[in-house]
Trainee: 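First the structure, which I've put down as structure tokens, then a few questions once you've had a look.
Every chain is numbered from 1 and lettered A, B, ... according to where its sequence line falls, protein lines coming before strand lines.
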Amino acid sequence: MKGSEIMRRRVASGAVAAPLPSALLCLVLGLGLACGFAGAARAAGTQAGYDAAIKAAEAAEHQAGLTHDQWTPTVEALKAAHAAAAAKDFAKATELAQHAEALAQLSIAQAQSEQTAWHSAVLR
Amino acid sequence: MRRVIAAVAALAMLALTGAAPAPATAGKSNPAADLKAFQDYFKTSFPKVPFDDFVNGPYAVNKGMRAQWEQIMQFPPYDFELADGKKLFETKFANGKSYGDCFPDKGIGIAQTYPHFDAKTGQVVTLVDAINACRVTNGEAKLDVSKGPMAEIAAYMVSTSHGKRFDVTIPDDPRALAAYEAGKQFFYSRRGQLNFSCASCHVQSAGKRLRGDIIAPALGLVAAFPIYRDAWGNIGTLGRRFVECNAQVRAVAFKPDSTIYHDLEYFLTYMDNGLPVTGPGTRP
């Protein structure tokens with residue numbers, strides 16, 4: 001079963017105690033596309049456009065690594081972006097790179113928030 | 001594009017912090033107080049589970065699984081690997097020494113004190129580390145820390161501690177306390193695309209069902225390691241399980257012998273202090 005399905009099931013079955021605000025659900029499901037990134041202009045299909053997008057994505061993922069919080073879907077999106085670029089499909093490659101960057105940014109934001117938020121979960 | 005992302009991320013984070021307000025600032029580290037609160041929480045949440053039974057993870061909190069398990073344990077699936085572990089443990093290295101020479105009491109009945117803090121190096125040393133360090137000292141190559149001979153040797157050593165209780169110490173040394181706090185922070189921090197912490201599952205959802213599994217309570221979580229898992233088809237170490245639990249929330253896992261997993265093991269095993277050593281265990 002896919003993780004998002006697990007989550008949906010858990011939410012449906014009430015296994016997750018706290019109600020999930022919709023923005024959080026965005027983060028949780030991390031479907032950048034579903035959360036409005038799709039609205040960002042469809043990527044232009046040029047090598048230059050891709051180069052810029054992948055550079056930004058890899059920088060963000062590096063940053064996520066420094067916060068010890070990388071996400072596997074980011075890694076997958078980066079891999080897929082590289083594969084699409086290798087096949088000279090720069091429109092697809094650029095879109096995937098932008099998706100990877102969006103995911104990496106979310107993971108960085110998560111790590112930053114958790115820097116303090118974790119305290120409130122501690123059993124005391 | 002960047003700004004859109006940042007805005008959405010900020011929004012999500014607002015929702016996050018909004019849901020969990022007022023993070024207390026980190027006070028002074030107090031492992032003993034943490035331990036009491038941690039154990040009390042589970043004693044109160046599962047009043048029918050005898051304290052010692054928490055080492056049995058999912059079987060402690062689910063009757064159906066327990067019945068199946070009692071069947072399985074008539075022929076424990078780890079028996080062969082445990083026997084291999086004993087053999088390996090007793091086999092001499094090329095230089096004529098053996099594992100027993102590296103440990104107090106010849107390595108018998110000492111597993112309950114791991115992980116321990118080594119004041120000389122300032123490092124947290126897990127049993128797995130100590131086994132590899134012993135090999136290196138004696139001119140042998142390190143073993144894979146997830147499974148195979150390492151898990152078998154560790155399983156044997158742990159089995160000689162049956163009847164003893166976990167007795168992990170956090171000395172009053174800033175480096176030991178820092179390692180403990182890092183492990184604690186990792187345990188409670190949400191991570192991965194699914195935005196779960198270890199605690200989201202093993203505290204808040206303990207005893208609940210996730211797919212076919214019953215989620216084990218965090219108390220006793222590490223007490224039966226190494227474990228034979230049906231899903232693995234062999235014995236594995238705690239590091240191997242940490243990797244899986246990180247990956248299932250879509251977080252990039254760390255190396256099984258990474259510093260952060262050492263710290264996590266230090267924290268979790270300390271939380272199990274007082275529980276009986278029960279490894280190797282068996283799980284679905």
Trainee: Measure distances from B/A251 to the heavy atoms of chain A and classify the residue's part below 4.5 Å as side chain, backbone, both or neither.
Mentor: both
Trainee: Is it the case that atom CG in B/D172 sees more than 12 heavy atoms from other parts of the structure closer than 6.0 Å?
Mentor: no
Trainee: Heavy-atom pairs under 4.5 Å with chain A: which of B/A33, B/A253, B/S189 has the most?
Mentor: B/S189
Trainee: Using the six-membered ring wherever Trp is involved, compare the ring planes of B/F254 and A/H68 and label them parallel, tilted or perpendicular (cut-offs 30° and 60°).
Mentor: tilted
Trainee: Name the one of A/L103, A/V75, A/T72 that satisfies side-chain contact (heavy atoms from CB on, under 4.5 Å) with B/R250?
Mentor: A/T72
Trainee: In residues 216-224 of chain B, which residues are in contact with chain A at a heavy-atom separation under 4.5 Å?
Mentor: none
Trainee: Do any of residues 34-41 of chain B come closer than 4.5 Å to chain A, heavy atom to heavy atom, and if so which ones, in number order?
Mentor: B/A37, B/F38, B/Y41
Trainee: With chain A as the partner, which of B/V252, B/N246, B/I260 has the greatest number of non-hydrogen pairs under 4.5 Å?
Mentor: B/V252
Trainee: When rounded to the nearest 0.5 angstrom, what distance separates CG in B/N195 from OG in A/S107?
Mentor: 11.5 Å
Trainee: Indicate every side-chain donor-acceptor pair of residues 54-67 of chain A with a distance under 3.5 Å to a residue at least two apart or in another chain.
Mentor:
unit_1: A/E58; atom_1: OE2; unit_2: A/H82; atom_2: NE2; d: 2.7
unit_1: A/T67; atom_1: OG1; unit_2: A/A64; atom_2: O; d: 2.7

Trainee: Does any N or O in the side chain of B/Q193 come within less than 3.5 Å of the main-chain N or O of A/W71, such that one atom is a donor and the other an acceptor?
Mentor: no
Trainee: In terms of heavy-atom pairs under 4.5 Å with chain B, which of A/Q70, A/Q115, A/Q112, A/E76 leads?
Mentor: A/Q70
Trainee: Quick check for you: to the nearest 0.5 Å, what is the distance between B/R190 atom CZ and A/Q110 atom CD?
Mentor: 8.5 Å
Trainee: Just verifying a value: how many Å separate A/L123 CG and B/F42 CZ, rounded to the nearest 0.5 Å?
Mentor: 6.0 Å
Trainee: Can you say whether B/V203 sits under 4.5 Å from chain A via the side chain, the backbone, both, or neither, judging by heavy atoms?
Mentor: side chain
Trainee: With a strict 4.5 Å heavy-atom criterion, list every residue of residues 180-187 of chain B that contacts chain A, or say none.
Mentor: B/E181, B/K184, B/Q185
Trainee: Non-hydrogen atoms of chain A under 4.5 Å away: do they reach the side chain of B/S197, the backbone, both or neither?
Mentor: neither
Trainee: How about NZ on B/K43, more than 12 heavy atoms from neighbouring residues, nucleotides or ligands closer than 6.0 Å, or not?
Mentor: yes
